[in-house]
Number of protein chains: 2
Amino acid sequence: MSQTATILVIDDEPQIRKFLRISLASQGYKVIEAGSGSEGLAQAALGKPDLLVLDLGLPDMDGQQVLREFREWSTVPVLVLSVRASEGQKVEALDGGANDYVTKPFGIQEFLARVRALLRQAPAGDAQEAALNFGPLTVDLAYRRVLLDGAEVALTRKEYAVLAQLARHPGRVITQQQLLKDIWGPTHTEDSHYLRIVVGHLRQKLADDPTQPRFIVTEAGVGYRLLNA
Amino acid sequence: MSQTATILVIDDEPQIRKFLRISLASQGYKVIEAGSGSEGLAQAALGKPDLLVLDLGLPDMDGQQVLREFREWSTVPVLVLSVRASEGQKVEALDGGANDYVTKPFGIQEFLARVRALLRQAPAGDAQEAALNFGPLTVDLAYRRVLLDGAEVALTRKEYAVLAQLARHPGRVITQQQLLKDIWGPTHTEDSHYLRIVVGHLRQKLADDPTQPRFIVTEAGVGYRLLNA
DNA sequence: GTTGGTTTTTAATGGATTTTGATGAGACAC
DNA sequence: GTGTCTCATCAAAATCCATTAAAAACCAAC
């Protein structure tokens with residue numbers, strides 16, 4: 001389905017942050033944190049989270065204000081936490097763009113279930129998982145498809161795995177060990193021969209010449225790199 | 001911007017239904033009602049609501065069961081109501097596909113705010129077609145029916161489950177593990193053979209040739225995908 | 001209980017992919 | 001120049017995968 005979701009927690013109380021961090025991390029989420037509203041907004045722009053957990057009681061600025069500014073540019077789901085349980089508060093937050101409102105103290109199981117519910121409707125990586133383009137070559141990770149000049153290229157499992165791995169880090173060199181470990185497993189990190197053959201097939205199918213590469217560049221003794229157009 | 005949303009209320013207590021009907025209608029929503037689970041599911045298929053408000057305490061069938069059957073074919077947001085506030089109940093409902101969970105008694109302002117929040121993320125008139133088309137093939141999730149050239153195709157449970165799963169993500173590769181986990185359960189993720197046989201039967205009934213597929217494409221060693229016409 | 005239909009096993013086949021082995025070309029150091 | 005290292009390519013063998021058929025076990029409805 002999706003890779004691990006990133007969750008940004010904005011809360012000024014360190015012990016609550018720690019509690020949430022541990023709980024969320026134990027479920028496999030990647031957690032980033034902020035202790036104030038301004039820091040939180042900065043992190044939100046930087047870390048591209050898939051979900052925002054926001055405590056309304058912040059020292060530097062009003063939580064509602066943080067929510068409002070966040071919603072200026074993001075549609076990522078927001079779960080608001082608060083000790084204040086007044087109905088007016090809840091209505092204000094929900095109408096201000098929050099997707100859920102949980103009052104402290106809360107059960108961690110319910111909290112995690114609400115996190116799952118919010119992430120379900122907006123799957124992780126939805127933002128970044130657009131198709132990647134490398135000139136005439138398109139690698140669509142969501143659909144597991146590869147197009148060359150608009151025509152679909154039929155790739156085998158290993159071929160696709162190598163290309164996808166390279167495509168995930170455009171322009172970066174991926175070491176042979178990395179590729180071998182991720183695709184063949186940690187027991188085959190020495191078999192760089194496999195890699196050469198698969199890359200050979202890939203280049204053939206993509207009409208790529210190793211001496212004059214359009215797509216896959218070999219970095220001798222190190223690994224391979226996918227050129228970003 | 002948005003036209004009036006339609007909200008389906010499933011609750012067996014007439015006075016609560018009346019209360020919700022009046023409150024929701026005063027906000028301009030169109031309200032349809034059902035007093036039992038089976039009636040609710042029928043109304044859900046018929047009335048194409050934009051939001052479902054579901055009370056878990058129903059006389060004829062378990063609320064969780066209603067939720068589960070509804071989620072078989074619809075992604076419309078669901079707000080669950082319940083007097084029982086046990087955390088386990090909430091987790092079960094949220095993981096069963098509910099988007100929010102409100103315990104009675106509740107403040108009507110907060111309830112309406114949560115309704116607004118749910119409708120915001122899935123705007124009214126988004127009235128998603130429950131029937132999906134793939135050229136001559138139609139998969140109607142709401143009625144659990146499959147039509148080929150307008151004629152109904154009789155499918156077994158597993159066959160339908162596999163086809164429906166593929167149809168929910170048109171063009172996308174669904175991995176064998178995914179299909180096996182969702183349909184046979186997490187203990188059978190290794191039995192990819194089952195899958196091949198069911199897909200074989202499906203192709204036979206849909207007059208689909210694996211070497212020249214109209215509908216189901218096999219991605220060797222990975223999974224299957226349903227071609228979107 | 002019997003019956004009809006469904007799901008699960010079992011088995012056989014052909015095809016495709018992956019692995020293995022062998023060979024040659026280029027780069028670089030000595 | 002020679003030897004060594006890495007890379008690329010070709011061809012075969014071995015393995016894995018998909019498809020099909022058919023029998024056995026299972027279930028639900030009657």
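Within every chain, numbering begins at 1; the chains are lettered A, B, ... in the order of the sequence lines, protein sequences first and strands thereafter.
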[X] [atom1] to [N] [atom2]: how many Å, rounded?
X       : N       : atom1 : atom2 : value
E219(A) : dA8(D)  : CD    : C1'   : 16 Å
L202(B) : dT6(C)  : CG    : P     : 13 Å
L179(A) : dC7(D)  : CG    : P     : 12 Å
E190(A) : dC5(D)  : CD    : C1'   : 16 Å
L180(B) : dT8(C)  : CG    : C1'   : 13 Å
Q176(B) : dC17(D) : CD    : C1'   : 9 Å
I216(A) : dT9(D)  : CD1   : P     : 11 Å
R196(B) : dT13(C) : CZ    : P     : 18 Å

Pairing residues for E13(B) by the salt bridge (charged side-chain N to carboxylate O under 4.0 Å, His left out) criterion, not counting sequence neighbours: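 For E13(B) the salt bridge (charged side-chain N to carboxylate O under 4.0 Å, His left out) partners, ignoring immediate neighbours, are K104(B).
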Contacts of type salt bridge (charged side-chain N to carboxylate O under 4.0 Å, His left out), residue R145(B), not counting sequence neighbours: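 Salt bridge (charged side-chain N to carboxylate O under 4.0 Å, His left out) list for R145(B), sorted by chain: E152(B).
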Test side chain to side chain donor-acceptor pair (under 3.5 Å) applied to D149(A) - qualifying residues, sequence neighbours left out: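 So D149(A) forms no side chain to side chain donor-acceptor pair (under 3.5 Å) with any residue.
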More than 12 heavy atoms of other groups within 6.0 Å of K30(B) NZ: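 Check fails, neighbour count at 12 or below.
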Touch class at under 4.0 angstrom, heavy-atom based, for Y224(B) against every strand present: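 Y224(B): backbone/sugar contact only, no base atoms under 4.0 Å.
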ring-ring contact (aromatic ring centres under 6.0 Å, His included) partners for Y224(A), two or more places apart: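 For Y224(A), no residue satisfies ring-ring contact (aromatic ring centres under 6.0 Å, His included) once neighbours in sequence are set aside.
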Listed partners of F111(B) passing ring-ring contact (aromatic ring centres under 6.0 Å, His included), at least two apart: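 Expected list: F106(B).
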Reading 5' to 3' through nucleotides 15-25 of chain C, protein heavy-atom contacts under 4.0 Å coded B for base, S for sugar-phosphate only, - for none: --SSBBBB---
